[in-house]
Q: 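After the structure tokens below, expect a handful of questions from me.
Computation of the quantities below employed the complete heavy-atom set of this structure, encompassing side-chain atoms and omitting hydrogens, waters and symmetry-equivalent molecules. Small disclaimer: the values here were computed from a predicted structure and weren't measured.
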Amino acid sequence: MSYRDLRNFTEIMRTLGFNRLISMENFRVPNFTLIADILIWLVKRFDPDADIHDSYSTEEDRIFLIRTAAEFMALKANIMFNTKRLYQADGYAVKELLKIATLLYDALQANISSESQWIPSNTIDISSHIQDLKLSRDLASQVTNKGASIFDLLGKEVELRDVRNSSISTLVEMNLVESALKEALTFTKNSITNTKSLIENVSATESSLDIKIEKKQAELERNQKRLQTLKKVRPAFLEEFEKLESELQSLYQDYITRTRCISYLEQQQEEASLIEQERVKQRQRETKKMVEEMQQEDARNLIEGDMLSLEIGNGNLNQESNKTQNVTRRLRTATAAKARLTTGKKRVFGSMNVGEDDSNSLDSDSDLLLDDDGDNSDLFGSGDDIEGLPLESNRSDPTDDDF
């Protein structure tokens with residue numbers, strides 16, 4: 001380590017534009033942090049895309065940083081570092097870093113001098129250098145490929161070294177080598193003979209293939225002609241088939257139409273039957289309501305007749321009224337018994353007396369009997385029950401005894 005090296009290094013780093021000031025006193029004692037920052041900065045300045053380990057907090061990280069930086073500069077710039085001096089991080093490390101700094105400084109000075117001695121572009125004739133440019137491009141691609149292959153081979157050297165050393169150290173017997181060579185020669189001669197025989201048979205194979213191709217082509221032509229003749233010939237049954245097909249089409253259309261009409265009519269019939277059932281139900285409900293109203297009216301008339309008979313209160317009249325009431329009760333009892341025997345339903349009827357409000361009762365009863373289809377014919381008893389009653393129960397013209 002010399003004073004001049006320290007001074008040159010500090011001035012070069014200041015010229016290159018390092019992001020902090022460097023003093024010569026910084027390298028009197030080991031300062032790995034500063035050395036690592038300078039090394040990372042120089043490598044990034046040389047190649048911004050360089051893949052370098054930038055962590056140095058532990059001992060392993062520092063060793064890995066020094067190793068990756070040394071490998072990168074050896075491959076890219078052909079600069080060999082003394083990694084031990086770099087790891088010391090003192091003035092001796094500055095001497096190693098000065099190699100990269102000097103290279104970058106020379107490139108910067110060459111760029112500045114080329115810019116200062118700029119020549120107009122119209123005075124440069126690059127037509128003579130086109131061939132050199134192509135040649136240099138080819139050489140650069142070849143160098144890259146060779147370098148990649150060498151790198152791969154060097155990576156395999158660790159494995160191949162042991163195999164090579166074992167092969168060299170092993171004594172080879174000449175008899176075995178001679179026998180192996182003879183076997184290899186025999187195998188090679190056989191393969192050559194087989195290849196020659198195949199080459200000689202190629203002509204015969206070609207002729208046989210040509211004959212097969214001609215046969216297939218002739219067969220194809222015959223089949224095509226036969227197909228054309230079959231297309232032209234019209235079968236005898238084709239006209240009948242077309243006629244039957246047209247008839248089938250028309251019959252199918254008729255079938256579709258009739259099926260649709262039948263479906264529509266069935267739907268209409270179902271709707272009409274539903275409407276009729278609803279109408280019958282409505283009529284039955286109205287008839288039932290009217291019968292209930294008539295029963296209530298008869299009960300009311302019966303109560304009024306009883307009250308009237310009690311108010312008159314004469315002997316003869318009482319007898320007549322009692323007779324009338326007995327007849328009415330017998331009539332009701334017989335009719336109710338008959339109804340219970342026939343239908344099992346309980347029915348109530350009014351008095352047999354004719355009042356002023358009963359003028360329309362016959363019409364309503366007849367309407368009920370006609371509308372209800374005979375379902376309510378047992379409400380007033382059957383013909384046998386009426387014939388078995390006394391004559392006083394029959395309807396007759398009103399007399400003075402009735403009042």
Side-chain angles (χ1 to χ4, degrees), residues 231 233-305 328 330-389 393-397:
K231 286 182 178 180
V233 174
R234 187 178 178 84
F237 60 86
L238 187 59
E239 294 181 357
E240 185 179 359
F241 174 76
E242 292 176 352
K243 183 178 180 180
L244 293 175
E245 186 178 8
S246 61
E247 291 180 359
L248 179 61
Q249 188 70 22
S250 62
L251 291 174
Y252 180 72
Q253 293 295 331
D254 294 340
Y255 169 74
I256 292 296
T257 304
R258 293 184 181 182
T259 305
R260 190 178 302 165
C261 293
I262 290 170
S263 301
Y264 177 74
L265 292 175
E266 289 178 353
Q267 182 181 0
Q268 293 295 324
Q269 185 180 2
E270 291 178 359
E271 292 178 357
S273 63
L274 291 174
I275 293 170
E276 185 64 26
Q277 290 177 3
E278 186 66 26
R279 187 183 296 113
V280 170
K281 290 180 180 179
Q282 183 67 24
R283 189 182 301 165
Q284 290 177 358
R285 286 194 295 269
E286 292 176 355
T287 303
K288 186 176 180 181
K289 184 177 180 181
M290 292 175 67
V291 169
E292 291 176 355
E293 290 177 356
M294 289 176 63
Q295 290 175 358
Q296 293 176 1
E297 186 67 24
D298 291 339
R300 197 163 46 249
N301 292 332
L302 179 61
I303 293 170
E304 290 177 357
T328 305
R330 286 197 299 272
L331 176 60
R332 283 204 305 272
T333 304
T335 306
K338 185 63 177 179
R340 284 195 297 272
L341 290 173
T342 55
T343 61
K345 297 181 181 179
K346 183 178 180 181
R347 290 179 173 81
V348 181
F349 299 96
S351 174
M352 298 301 292
N353 296 327
V354 179
E356 293 178 357
D357 297 332
D358 296 333
S359 60
N360 296 324
S361 62
L362 294 176
D363 296 334
S364 61
D365 293 341
S366 62
D367 293 336
L368 291 174
L369 294 174
L370 290 174
D371 293 337
D372 203 16
D373 295 332
D375 293 337
N376 298 323
S377 61
D378 294 334
L379 292 175
F380 301 101
S382 62
D384 298 334
D385 296 334
I386 295 172
E387 291 177 357
L389 295 176
S393 64
N394 293 330
R395 284 298 188 122
S396 62
D397 293 334

Q: One thing to verify: whether E276 and R279 come together as a salt bridge, which I'm taking to mean a side-chain N less than 4.0 angstrom from a carboxylate O.
A: yes
Q: Report yes if some heavy atom in the side chain of V291 is under 4.5 Å from a heavy atom in the side chain of Q295; otherwise report no.
A: yes
Q: How long is the gap from CD on E266 to OG on S263, to the nearest 0.5 Å?
A: 6.0 Å
Q: Taking atom CD1 of I262 and atom OG1 of T257, what is their separation to the nearest 0.5 Å?
A: 11.0 Å
Q: Quickly, which of Q268, Q267, R260 forms a side chain to side chain donor-acceptor pair (under 3.5 Å) with Y264? Name it, please.
A: Q268
Q: Give, for atom CG of D298 and atom CE of M294, the distance between the pair rounded to the nearest 0.5 Å.
A: 6.0 Å
Q: Is the count of non-hydrogen atoms from other residues, nucleotides or ligands lying under 6.0 Å from E239 atom CD greater than 12?
A: no
Q: Decide if atom CD of E242 counts as having more than 12 heavy atoms of other residues, nucleotides or ligands within a radius under 6.0 Å.
A: yes
Q: Determine whether the side chains of Q282 and R285 contain a donor N or O and an acceptor N or O closer than 3.5 Å.
A: yes
Q: Hey, what do you get for NZ (K289) to OG1 (T287), rounding to the nearest 0.5 Å?
A: 12.0 Å
Q: How far does CD of Q296 sit from CD of E293, to the nearest 0.5 angstrom?
A: 7.0 Å
